[in-house]
Amino acid sequence: MTEKQRKLDERYLRMARIWAENSYCQRRQVGALVVKDKMIISDGYNGTPSGFENVCEDDNNVTKPYVLHAEANAITKLARSNNNSDGATIYITASPCIECAKLIIQSGIKRVVYGEKYRLTDGIDLLRRAGIEVIYIEVNSD
């Protein structure tokens, strides 16, 4: 990877972290940006589906089962636009779960850049098995 690409990846990852601040989730805020040809074509953060109350956790601080992950929000938002994600890069503040990894594979995204490791690696493992370039970049807090 070139130094120029590395700097771009770091910038988009920082932007995804800022985008995560839109999440109403208390336990964890995650952001995602889909970039193609140096243009952001979609964005997402974890939260409830459109039209639902913006409460992600129940009274026991457990995430409600219908909360969408940031990647799922960004990819499904693309379905309602004139853009497509063939060959795009997705920047995610946290490593994707296996369900989001399946969406990433099916969407034609070719690169995944993430900034926080999760205890489970099944999503990352599946992406690599599918031939998707996976890059971990630890983003320093500002």
Side-chain angles (χ1 to χ4, degrees), residues 1 3 5-142:
M1 176 179 5
E3 184 63 26
Q5 183 62 57
R6 171 91 179 178
K7 286 193 180 298
L8 272 174
D9 287 347
E10 289 172 354
R11 285 183 191 118
Y12 282 124
L13 205 48
R14 283 196 309 270
M15 291 169 70
R17 199 171 72 214
I18 291 167
W19 200 246
E21 295 173 12
N22 289 316
S23 172
Y24 287 90
C25 297
Q26 300 298 311
R27 288 183 55 218
R28 187 174 197 184
Q29 294 180 317
V30 180
L33 296 176
V34 180
V35 176
K36 185 174 178 178
D37 301 325
K38 296 183 183 174
M39 289 186 299
I40 297 170
I41 59 170
S42 191
D43 55 66
Y45 50 86
N46 57 325
T48 57
S50 298
F52 282 61
E53 73 288 347
N54 288 319
V55 179
C56 298
E57 295 85 12
D58 63 19
D59 293 336
N60 297 317
N61 202 32
V62 175
T63 300
K64 294 179 179 180
Y66 52 84
V67 168
L68 289 158
H69 290 186
E71 309 91 309
N73 260 329
I75 291 168
T76 55
K77 195 184 260 189
L78 276 168
R80 296 178 73 173
S81 75
N82 292 326
N83 291 314
N84 74 68
S85 49
D86 284 336
T89 298
I90 189 166
Y91 295 89
I92 318 163
T93 58
S95 62
C97 70
I98 195 158
E99 293 302 318
C100 288
K102 290 189 272 186
L103 289 174
I104 290 166
I105 292 165
Q106 289 300 97
S107 70
I109 290 171
K110 294 300 176 203
R111 289 179 79 236
V112 174
V113 179
Y114 69 99
E116 184 183 314
K117 293 181 180 178
Y118 186 60
R119 61 181 170 81
L120 300 176
T121 63
D122 51 355
I124 296 295
D125 297 340
L126 185 65
L127 291 169
R128 287 194 172 121
R129 182 175 171 199
I132 293 173
E133 183 181 3
V134 178
I135 300 162
Y136 167 68
I137 297 177
E138 189 171 2
V139 178
N140 298 326
S141 297
D142 298 329

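Nothing fancy with the numbering, it's 1 onward along the sequence.
Taking every heavy atom of both residues into account, Asn61 and Glu57 meet most closely at OD1-CG, 3.6 Å. Shown here for Asn73 and Gly47, the closest heavy-atom pair between the two residues is ND2-N, 4.2 Å. Nearest heavy-atom pair, Val34 versus Ala88, reported as atom, atom and distance to 0.1 Å: CG1-CB, 3.8 Å. Considering every non-hydrogen atom in both Pro49 and Tyr66, the closest pair reads CD-O, 3.5 Å. Nearest heavy-atom pair across Gln29 and Ala20 is CB-O, 3.4 Å. Leu127 approaches Pro96 most closely through the heavy-atom pair CD1-CG, 3.7 Å.
Considering only heavy atoms from C-beta on, Ile124 stays 4.5 Å or farther from Tyr136 through its side chain. Residues Val113 and Glu10 have side chains not in contact (no heavy-atom distance under 4.5 Å, counting atoms from C-beta outward).
In this structure, Ser107 contributes its side chain and Ser85 its backbone to no donor-acceptor pair below 3.5 Å. A donor-acceptor distance shorter than 3.5 angstrom exists from the side chain of Ser42 to the backbone of Ala74, with no hydrogens or angles considered. Between the side chain of Ser23 and the backbone N or O of Tyr45 there is no donor-acceptor pair closer than 3.5 Å. When atom types are taken as modelled, the side chain of Asn60 and the backbone of Val62 share no donor-acceptor pair closer than 3.5 angstrom. Between the side chain of Thr93 and the backbone N or O of Ala16, no donor-acceptor pair lies under 3.5 Å. With Gln26 contributing its side chain and Tyr24 its backbone, the two residues share a donor-acceptor pair below 3.5 Å.
Every pair passing salt bridge (charged side-chain N to carboxylate O under 4.0 Å, His left out) that includes a residue from residues 77-106 is listed here, sequence neighbours excluded: Asp43-Lys77, Glu99-Lys102.
For Arg28, the salt bridge (Lys or Arg N to Asp or Glu O under 4.0 Å) test picks out Glu116, with sequence neighbours left out.
To the nearest 0.5 Å, atom OH of residue Tyr12 and atom CD1 of residue Ile137 are 13.0 Å apart. Taking CE of Met15 as the start and CD1 of Ile40 as the end, the distance is 3.5 Å to the nearest 0.5 Å. Between atom OG1 of residue Thr89 and atom CG of residue Leu8 there is a gap of 10.0 Å, rounded to the nearest 0.5 Å. To the nearest 0.5 Å, the span separating CG on Leu33 from CD1 on Ile18 amounts to 9.5 Å. Atoms CD and CG, from Glu71 and Leu103 in turn, are 8.5 Å apart once rounded to the nearest 0.5 Å. The CD atom of Gln106 sits 10.0 Å away from atom CD1 of Ile75, with the distance rounded to the nearest 0.5 Å.
The side chain to side chain donor-acceptor pair (under 3.5 Å) test with Asp9 is passed by exactly one of Lys7, Gln5, Arg6: Gln5.
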Problem set entry | Derivation and outcome, side chain to side chain contact (heavy atoms under 4.5 Å, CB included), residues Val134 and Ile104 | CA-CA 12 Å; Val134 178; Ile104 290 166; over 6 Å; no
For this session: Determine, stepwise, if the pair Thr48 / Lys64 fulfils side chain to side chain contact (heavy atoms under 4.5 Å, CB included).
Result: CA-CA 9 Å; Thr48 57; Lys64 294 179 179 180; 5.6 Å; no
